[in-house]
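Lettering of chains follows the sequences in order, A, B, ..., and the numbering in each one begins at 1.
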Protein chains: 2
Amino acid sequence: MAQQDGRLGQEGMATEEKDPKTGTAGGTMRADGNPDDSRGSLFRSNLPRPTMADVARLSGFSAMTVSRALKDGASVSATTRERILGVIEEIGYVPDLTAGGLSSKRSGFITALVPTINNSNFSDTACGLTDALSERGLQLLLGYTDYSSGREEELISAMLRRRPEGMILTGGFHTERARRLLESAAIPIIETWDLPEAPVDQVVGFSNADASRAMVHHLVERGYRNIGFIGGSSNRDTRGADRRAGYEAAMSELGLGEGHIITFGTPPISMEQGGQAIAQMIEQWPEVDAVICVSDLSAFGVIMECHRRGWSVPGRVAVAGFGDFEVSRCCWPSITTVTVNSYDIGKQAGELLLSTIDRIRAGEEVAPATVKIDFKVVSREST
Amino acid sequence: MAQQDGRLGQEGMATEEKDPKTGTAGGTMRADGNPDDSRGSLFRSNLPRPTMADVARLSGFSAMTVSRALKDGASVSATTRERILGVIEEIGYVPDLTAGGLSSKRSGFITALVPTINNSNFSDTACGLTDALSERGLQLLLGYTDYSSGREEELISAMLRRRPEGMILTGGFHTERARRLLESAAIPIIETWDLPEAPVDQVVGFSNADASRAMVHHLVERGYRNIGFIGGSSNRDTRGADRRAGYEAAMSELGLGEGHIITFGTPPISMEQGGQAIAQMIEQWPEVDAVICVSDLSAFGVIMECHRRGWSVPGRVAVAGFGDFEVSRCCWPSITTVTVNSYDIGKQAGELLLSTIDRIRAGEEVAPATVKIDFKVVSREST
DNA sequence: CTGTTAGCGCCTTCAC
DNA sequence: GTGAAGGCGCTAACAG
């Protein structure tokens, strides 16, 4: 039976069957009883797809009228449009947006680059973007940089070749060449999730350093004094580095010494790495009574490791995270964190982009704006 | 005017060559270090971007030779290429892929649709895809359906207008119109994460029902008999529905009755919903000694709720999940789950797509393949 | 309301 | 190794 194949299957091995009908998968796969497996054999022909000219010929109108019938506000008589749409439906015509974009000089999409797509913060931002853009029929082309500015540069270069009408970036750090490319691209750029000192163009973000500062203050108010910080080892994640800098600044401002910092693994630092880091922290500085983690994920790892070792949270050590991920709300004890409206960052960035595009098209001068997004320390059980 | 400012730039690269078209220096921009915040004011002009014809004119060659110099295997003398690349660098020429695609009939990208980008399973698949495709210079255009087949249909329609060279889908359920669109698109389609009964074309996946079955067997082997299932309430998530069906089938096959099913919330069901579901489960059927959750996220929520209520896991109730998310490895107790090589699904799908594209281009007949991906039950502390 | 003309920027094809 | 002509599929800008 198929289930046994699966259960006993070798890890990482895959088996390819040429004909599923005689394969090992058993009867469960072909329950529709269709003996012919003709999928794929017909429609992959290299025949040319119907074009607007085909629709024009078949409907008896010119291509231009077909084009108008497909647009929203165009002036076409109802009967004409009806007939044209009928032909389109009949022959399965699908408009070619790239050809249209070539002549109208509007590609109809914008690009967003995030460090990773597997992070609810950034995917929420992507959702906000999608929502803002789709109201105007713009599509979102998403790319992920893996926290590497080199990959970001490559992506920027690759994306620009498709002529996006705008670009959303995460953070304010880019390679020299990336900045040059962006500057000569002549499209609006929005940097997000940060407040860069030297922005490329527009900005929708917040100060990660200030957020960290606020968290230090929160812990101090709750009576903690020996506060440590857990983060990634390199500075690939500039927002993480900003959070660390904010922590150090706050500690020094409050006269709490230089602080205790454990850096562990390349960003994004994982749950497991958080667990390893807290062990190292407590071994090195047993006096530590609270830790701020660069993200909720590492904070969660810290808490689980504390469970394992029998250290009570927040009794032995208080734990704070960053980002308000679901896991920190649901975890026991729930995790004190910094919450940012990730969706709103995307929504606002999308709206700012749209209005900028409009103004440029109208020939107006556009003064680059900076939209500040609020953050808030959310106090939970872990502190 | 903006153009004049642009010419003042001293830190840019080239200022000698004027763009014959506009009489201004092409695209160089004042570097930072200016007290004024002049971002965005210069480079957003509506000036036309340099084209291949500009490069041709400035380098003294024809556009065709420029085009060749940009390709890999083309026959251009070294000195010619060098000069051309020099001009390109100088004036900041960026090739227009959409124009190229229009004439070469190769868009240079493929599309992948996933239910959500905020899920490490699907984002790992996207990474595998990216890796497989980038070897051949193909880009990935990612879209997310939010588990809605209506949105999937819209996305398919929108994507097809950009003429992707292939398409990766998640799951085997699509609307009628979506299937029609796909079938007449004349490009290779790969459905993933499932083994559809009536595939559109190619498949790279596994049986979710069989995976669930395997989990029931695992629990029975460990002595559990009153096994419940926690999942989403609707059938929007067909893979979730398959897992539930596999659970029911296994229970009945093993003579363990009809099983106990709590459905809670619309998929993807959250951690918090998992927590609420287990409370309901235990209240309704106190005899339950093990639960299978539709995903690791809900399983985690179950475990946290059990902590809160003082129910030991697996003492009072054993808990199993699906998907091998990081949280289930790191959580305490760690969660028994079904692991699937998500990255491999993407990698294999990408490679299958590439070879299919090659074969079609070579005029070969392509028999649709089904690649089965193995899964495995990973036993951990929670059972 | 509808049609004609002329490209958009590049690549294919064929010349040399 | 290089160039010239033509066209990919569509739309802007004018006609009528």
Quick check on dT2(C): is either OP1 or OP2 less than 4.0 Å from any side-chain nitrogen or oxygen of Thr80(A)?
yes
Determine the contact category for Ser75(B): base if any of its heavy atoms lies under 4.0 Å from a base atom, sugar-phosphate if only primed atoms, P, OP1 or OP2 are that close, otherwise nothing.
base
Rounded to the nearest Å, what distance is computed from the [atom1] atom of residue [X] to the [atom2] atom of nucleotide [N]?
| X | N | atom1 | atom2 | result |
| --- | --- | --- | --- | --- |
| Arg83(A) | dT2(C) | CZ | P | 9 Å |
| Arg106(B) | dC11(C) | CZ | P | 12 Å |
| Ile84(A) | dC1(C) | CD1 | P | 13 Å |

Student check: side-chain heavy atoms of [X] and [Y] closer than 4.5 Å:
| X | Y | result |
| --- | --- | --- |
| Ile360(B) | Val366(B) | yes |
| Asp96(B) | Arg161(A) | no |
| Leu140(A) | Ile110(A) | yes |
| Met52(A) | Ser67(A) | yes |

Given the options Met159(B), Gln139(B), Arg163(B), Phe109(B) meets side-chain contact (heavy atoms from CB on, under 4.5 Å) only with Gln139(B)
Whether the side chain of Ser157(A) engages the backbone of Glu153(A) through a donor-acceptor N/O pair (distance < 3.5 Å, no angle test) should be reported.
no
5' to 3', nucleotides 6-13 of chain D under a 4.0 Å protein heavy-atom cut-off (B base, S sugar-phosphate only, - none) gives -BBBBSBB
